[in-house]
Peer 1: 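Would you mind keeping the following structure in view while I ask a few things?
Owing to the predicted nature of the structure, the values given are computational and were not obtained by experimental measurement.
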Amino acid sequence: MRSILIIQFILVLAGVAVSLRHQGEAALLPACYGGAIALANTLLLSRRVAQAGEIAKTSPQQSVNALYFGVVQRFVFVLVALGFGLGYLKLSPVPLLGTFMVAQLAYMLMGTRQVG
């Protein structure tokens, strides 16, 4: 999980740099916010997987349930965080969503890295 976080952080920095270059300083906060959502989402996943591993020692079925709950928790977190940023804070959607999506590429990069 640490390597995914490192790759995500690098991708977030790249997304922030590209947003800053193309849209100026106004894109800095939205890009950082989108990247922070992606990083927080990965931290939630990491915590839930660790908890499920501990639960699996005593009850494999409860471990699976914990993982399912983690999926729902992360989905709701991302929806609420994006809604808050776009709706309430009125952040620019392109740098926010762009950096968020670029940071999610870390999972694909780790997948190709393990296969290759």
Side-chain angles (χ1 to χ4, degrees):
M1 211 43 85
R2 177 176 283 155
S3 54
I4 289 177
L5 282 168
I6 291 169
I7 291 171
Q8 268 191 327
F9 186 73
I10 292 167
L11 290 172
V12 167
L13 291 178
V16 168
V18 168
S19 295
L20 188 61
R21 173 136 169 88
H22 289 286
Q23 294 188 345
E25 286 186 29
L28 188 61
L29 181 60
C32 289
Y33 185 83
I37 293 171
L39 290 168
N41 190 33
T42 301
L43 289 172
L44 285 172
L45 172 64
S46 175
R47 192 179 93 207
R48 184 59 65 180
V49 168
Q51 286 176 346
E54 289 298 315
I55 294 170
K57 294 176 184 174
T58 58
S59 173
Q61 182 58 43
Q62 283 187 338
S63 169
V64 171
N65 292 340
L67 288 174
Y68 282 137
F69 178 74
V71 169
V72 172
Q73 176 189 33
R74 290 174 43 233
F75 185 74
V76 170
F77 166 73
V78 169
L79 283 179
V80 169
L82 289 175
F84 182 76
L86 294 170
Y88 183 74
L89 297 177
K90 307 259 189 266
L91 296 174
S92 177
V94 173
L96 190 154
L97 295 173
T99 305
F100 174 77
M101 290 186 308
V102 165
Q104 295 303 310
L105 290 175
Y107 293 105
M108 288 177 37
L109 292 173
M110 283 302 296
T112 58
R113 196 176 191 195
Q114 291 174 355
V115 171

Peer 1: Using side chain to side chain contact (heavy atoms under 4.5 Å, CB included), reason through Leu45 and Arg48 one step at a time and then give a plain yes or no.
Peer 2: CA-CA 5 Å; Leu45 172 64; Arg48 184 59 65 180; 5.6 Å; no
Peer 1: Do Phe84 and Phe100 share a hydrophobic cluster (ILVMFWY, side-chain heavy atoms under 4.5 Å, transitive)?
Peer 2: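 As far as the 4.5 Å side-chain criterion goes, Phe100 and Phe84 are connected within one cluster.
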Peer 1: Does a sphere of radius 6.0 Å around CZ in Phe75 hold more than 12 heavy atoms from other residues, nucleotides or ligands, not counting ones at 6.0 Å or beyond?
Peer 2: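 At most 12 heavy atoms, drawn from other residues, nucleotides or ligands, come within 6.0 Å of this atom.
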Peer 1: Can any side-chain N or O of Thr42 pair as donor or acceptor with the backbone N or O of Ala38 at less than 3.5 Å?
Peer 2: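 Present.
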Peer 1: Once you round to the nearest 0.5 Å, how far does CG of Leu96 lie from CD1 of Ile37?
Peer 2: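 Interatomic distance, Leu96 CG to Ile37 CD1, rounded to 0.5 Å: 5.5 Å.
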Peer 1: To the nearest 0.5 Å, how far apart are CG in Leu28 and CD in Gln23?
Peer 2: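 Output value for this atom pair is 11.5 Å.
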Peer 1: Find out if a path of hydrophobic residues (ILVMFWY) with successive side-chain heavy-atom gaps under 4.5 Å connects Leu91 to Phe77.
Peer 2: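 Linked, Leu91 and Phe77 end up in one cluster.
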Peer 1: Do Val78 and Tyr88 belong to the same hydrophobic cluster, where Ile, Leu, Val, Met, Phe, Trp and Tyr are linked whenever their side-chain heavy atoms lie under 4.5 Å apart, directly or via other members?
Peer 2: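 Yes, because Val78 and Tyr88 connect within a single hydrophobic cluster, where side-chain heavy atoms sit under 4.5 Å apart.
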Peer 1: Is the backbone N or O of Val12 less than 3.5 Å from a side-chain atom of Thr99, with the two atoms forming a donor-acceptor pair by type?
Peer 2: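 Pair absent, no side-chain N/O of Thr99 close to backbone of Val12.
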Peer 1: Going hydrophobic residue to hydrophobic residue with side-chain gaps under 4.5 angstrom, can you get from Tyr33 over to Leu97?
Peer 2: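 In one cluster: yes.
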Peer 1: Cluster question for you: counting only ILVMFWY and a side-chain heavy-atom cut-off of under 4.5 Å, with indirect links fine, are Met108 and Val102 together?
Peer 2: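 Linked, Met108 and Val102 end up in one cluster.
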Peer 1: Is a donor on one side and an acceptor on the other found under 3.5 Å between the side chain of Ser19 and the backbone of Gly15?
Peer 2: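 Yes; judged by distance alone, with no hydrogens or angles, the pair exists.
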Peer 1: Looking at every non-hydrogen atom in both residues, tell me the closest pair between Leu39 and Phe9 and how far apart they are.
Peer 2: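 So the minimum-distance heavy-atom pair works out to CD2-N, 4.0 Å.
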Peer 1: Working to the nearest 0.5 angstrom, can you tell me the gap between Ser46 OG and Arg2 CZ?
Peer 2: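 Rounded to the nearest 0.5 Å, the OG-CZ separation comes out at 9.5 Å.
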Peer 1: Minimum heavy-atom separation for Met110 and Ser3, please, with both atom names.
Peer 2: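 Distance-wise, the nearest heavy atoms are CE-OG, 3.2 Å.
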Peer 1: Can you name the closest pair of heavy atoms from Leu89 and Gly85 and give their distance?
Peer 2: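 Closest pair (atom of Leu89, atom of Gly85, distance): CB-O, 3.5 Å.
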Peer 1: Check each of Leu11, Leu5, Ile4 against Ile7 using the side chain to side chain contact (heavy atoms under 4.5 Å, CB included) test, and report the only one that passes.
Peer 2: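 It is Leu11, the one option of Leu11, Leu5, Ile4 that forms the side chain to side chain contact (heavy atoms under 4.5 Å, CB included) with Ile7.
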Peer 1: Taking all heavy atoms of Ala106 and all of Gln8, pick out the closest pair and write down the distance.
Peer 2: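 Taking every non-hydrogen atom into account, CB-CG, 3.3 Å.
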